[in-house]
Amino acid sequence: MLKISRIARRFASTKKAEVLVIGGGPGGYIAAIKSAQLGMNTVCVEGRGALGGTCLNVGCIPSKSLLNNSQIYHTIKHDSASRGIVGTENVAIDFPKLMEAKEKCVKGLTGGVEMLFKKNKVDYVKGWASFVDPHKVTVKGLDGNDVEIEADNIIVATGSEVTPFPGIEIDEERIVSSTGILSLKEIPKRLTIIGGGIIGLEMASVYSRLGSEVTVVEFQPAIGAGMDDEVAKTIQKLLTKQGLKFKLSTKVISGKRNGDVVDIEVEDAKSGKTEQIESDVLLVAVGRRPYTKGLNYEAAGLEADNKGRLVIDSEFKTKHPHIRVIGDVTFGPMLAHKAEEEGVAAAEYIKHGHGHVNYNNIPSVMYSHPEVAWVGQNEKQLKEQGIKYKVGKFPFIANSRAKCNQETDGFVKFLADAETQRILGVHIIGPNAGEMIAEAGLALEYGASTEDIARVCHAHPTLSEAFKEAALATFDKPLNF
């Protein structure tokens with residue numbers, strides 16, 4: 001009787017589900033909602049205590065709040081006089097309020113996802129899931145009660161975590177990750193960032209606008225991993241003009257906290273010359289890695305590759321067809337919208353036996369100012385494949401709306417097949433690039449040519465006219481440049 005009593009206390013409840021989703025981030029919560037909408041009894045397990053994963057809690061959403069509000073401040077303080085707005089010389093930042101606005105945004109959106117779960121009748125279990133066997137998991141509940149869940153189908157969407165830097169200890173105070181940089185107590189006078197990728201450059205933009213002296217240290221000879229080479233060089237020039245300092249082809253030897261400062265040693269990759277940098281805050285932004293801690297995936301017979309990614313086939317299936325894996329914890333770009341598409345497709349595979357994600361049409365956006373966005377292939381990739389292509393470009397300085405808005409930096413760049421004009425890739429630096437790239441994605445999905453785009457009437461005056469003109473430039477001459 002004593003043994004039975006202990007078991008009863010350990011498992012406060014036992015659940016059965018047609019679909020169990022492990023992880024409540026962009027991939028997981030979308031997979032859960034879509035599964036429920038398709039009529040399947042669905043349970044979603046999330047251990048953070050708030051839905052939305054890294055993206056909503058400590059990633060995309062809070063960073064965009066800081067990017068937007070810091071840009072508003074910068075525009076008011078430094079760009080108002082030329083617009084006929086005076087009396088802004090003494091405008092200042094209330095940093096705690098800035099952070100409060102960020103938190104309000106996060107809480108509103110994470111709470112909204114929980115409401116969507118209720119609306120779609122998704123059973124939400126707060127806790128950490130661990131495999132017992134291929135059909136069963138135990139969940140260590142955040143309320144202290146354990147739950148056992150047995151499922152016909154399982155979708156693993158546990159996301160990713162910050163990749164550590166060997167020899168550098170993150171304390172989230174002076175040496176911070178992409179999580180800690182979102183919750184600093186004060187604006188650092190000097191901020192050093194290891195990593196010139198999207199996360200590093202976005203945070204560099206935020207704190208540079210707020211008054212920090214920002215230095216970006218990147219081991220590669222160029223910033224913006226994944227960007228078209230011309231685009232990367234152009235955005236570096238624009239960010240340098242804004243006050244950012246770059247040390248490219250530079251290796252970080254060490255980074256140690258010394259009271260309220262961080263002592264950093266770097267080495268030039270070519271000359272071997274070392275240099276000491278003293279900073280108030282050091283941000284380690286060298287990427288992310290799959291998160292499988294505590295999942296006990298081995299008990300289900302799942303396999304991981306040498307990068308820690310769970311191994312799947314083209315339909316997200318593991319060696320067990322009823323277990324699928326999506327998002328950051330498996331292959332592909334670690335992007336929220338990529339995970340969302342996989343979440344929908346995984347649910348459709350379970351219900352209907354077919355689904356769809358076009359991995360050649362996943363857009364990327366850097367929310368700097370100006371923004372950078374791209375989709376499809378870049379010039380380097382096309383050259384490596386031996387594909388003959390044409391380039392069409394149009395600068396925003398020749399766009400009427402951009403001139404009116406005094407936001408003329410950047411351009412739209414099309415890469416099109418030399419013979420058929422079929423769009424192969426689009427790269428944009430400029431205002432609202434992240435919104436404009438959606439038109440490029442639609443064109444790619446339907447196999448459109450640049451002439452198709454050029455012959456579509458675009459409203460005047462809009463930034464999107466630059467998109468049309470760049471398409472026109474691949475096979476003819478632009479009309480306004």
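Heavy atoms only: backbone and side chains are in, while hydrogens, waters and symmetry mates are out.
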Inset, instruction - Please work out whether the ring planes of His352 and His354 are parallel, tilted or perpendicular, with thresholds of 30° and 60°. - result: parallel

Inset, instruction - Taking Thr462 for its side chain and Ala459 for its backbone only, find out whether a donor-acceptor pair lies under 3.5 Å. - result: yes

Inset, instruction - Could you tell me whether the side chain of Ser177 and the main chain of Thr179 form a donor-acceptor pair under 3.5 Å? - result: yes

Inset, instruction - Enter the distance from Cys60:SG to Leu109:CG here, rounded to the nearest 0.5 Å. - result: 11.0 Å

Legend entry - Thr250 side chain to Leu248 backbone, donor-acceptor under 3.5 Å: yes

Inset, instruction - Could you tell me whether the side chain of Leu424 reaches within less than 4.5 Å of the side chain of Leu382, counting heavy atoms only? - result: yes

Legend entry - Tyr297 side chain reached by Val325 side chain, heavy atoms, under 4.5 Å: no

Inset, instruction - Could you point out which residue of Ile168, Ile175, Thr192 forms a side-chain contact (heavy atoms from CB on, under 4.5 Å) with Ile264? - result: Thr192

Legend entry - Glu161 and Lys293 ion-paired at < 4.0 Å: no

Inset, instruction - For residues Pro221 and Ser249, report the shortest heavy-atom separation together with the two atoms involved. - result: CA-OG, 3.4 Å

Legend entry - Residues, nucleotides or ligands: over 12 heavy atoms within 6.0 Å of Glu103 CD: yes

Inset, instruction - Starting at SG of Cys44, measure out to CG of Leu51 and round the result to the nearest 0.5 Å. - result: 6.0 Å

Inset, instruction - Check the side chains of Asn120 and Gln37 for a donor-acceptor pair under 3.5 angstrom, ignoring hydrogens and angles. - result: yes

Inset, instruction - Check Asp94 against Pro96 and note the closest heavy-atom contact, atom names and distance. - result: OD1-CD, 3.2 Å

Legend entry - Any donor-acceptor N or O pair under 3.5 Å, side chains Ser35, Thr42: no

Inset, instruction - Start with the C-alpha gap between Val58 and Arg48, add the side-chain angles, then the distance that decides, and say whether side-chain contact (heavy atoms from CB on, under 4.5 Å) holds. - result: CA-CA 11 Å; Val58 290; Arg48 190 186 293 270; 4.0 Å; yes

Inset, instruction - Of all the heavy-atom pairs spanning Ile326 and Ala31, show the shortest one and how long it is. - result: CD1-CB, 4.2 Å

Legend entry - OG1 on Thr158 to CG on Leu295, rounded to 0.5 Å: 5.5 Å

Legend entry - Where Pro363 and Ile437 come nearest, the two heavy atoms and their spacing: CB-CG2, 4.1 Å

Inset, instruction - Calculate, to the nearest 0.5 Å, the distance between atoms OH and CD belonging to Tyr367 and Glu202 respectively. - result: 7.5 Å

Legend entry - Heavy-atom side-chain contact between Phe411 and Glu230 under 4.5 Å: yes

Legend entry - Lys64 atom NZ, neighbour heavy-atom count above 12 within 6.0 Å: yes

Legend entry - Any side-chain donor near an acceptor of the partner, Tyr389 and Glu379, under 3.5 Å: yes

Inset, instruction - Would you sort out whether Leu310 and Thr318 count as a side-chain contact (heavy atoms from CB on, under 4.5 Å), showing the intermediate values? - result: CA-CA 8 Å; Leu310 296 184; Thr318 62; 5.7 Å; no

Legend entry - Minimum side-chain heavy-atom gap Lys140-Thr138 below 4.5 Å: no

Legend entry - Any side-chain heavy-atom pair of Asp280 and Asp260 under 4.5 Å: no

Inset, instruction - Before accepting this row, confirm whether a basic side-chain N of the pair Lys185/Glu173 lies closer than 4.0 Å to the acidic partner's carboxylate O. - result: no

Legend entry - Whether over 12 other heavy atoms sit under 6.0 Å from Tyr73 OH: yes

Legend entry - Exercise: do Arg288 and Thr54 side chains pair donor with acceptor under 3.5 Å: yes

Legend entry - Closest non-hydrogen atom pair, Leu282 against Gly255: CD2-CA, 4.4 Å

Inset, instruction - Please work out which of the three classes, parallel, tilted or perpendicular, describes the rings of His322 and His135, given edges at 30° and 60°. - result: parallel

Legend entry - Check: Asp417 side chain, Thr420 main-chain N or O, donor-acceptor pair, under 3.5 Å: yes

Legend entry - Backbone of Val372 reached by a side-chain donor or acceptor of His427 within 3.5 Å: no

Inset, instruction - For atom NZ of Lys256, decide whether the heavy atoms of other residues, nucleotides or ligands shown that lie under 6.0 angstrom number more than 12. - result: no

Legend entry - Lys102 side chain to Leu182 backbone, donor-acceptor under 3.5 Å: yes

Inset, instruction - Please indicate whether Glu298 has more than 12 foreign heavy atoms, meaning atoms of other residues, nucleotides or ligands, lying under 6.0 Å from its CD. - result: yes

Legend entry - Distance in Å, Glu439 CD paired with His458 NE2, rounded so as to fall on 0.5 Å steps: 3.5 Å

Legend entry - Nearest non-hydrogen partners of Met436 and Ser464, listed with the distance: CE-N, 4.1 Å

Inset, instruction - State whether Glu342 and Lys338 are salt-bridged, where the test is any N-O pair (Lys NZ or Arg NE/NH1/NH2 against Asp/Glu carboxylate O) under 4.0 Å. - result: yes

Inset, instruction - Rounded to the nearest 0.5 Å, what's the gap from CE on Met227 to CG on Leu201? Could you check? - result: 6.5 Å

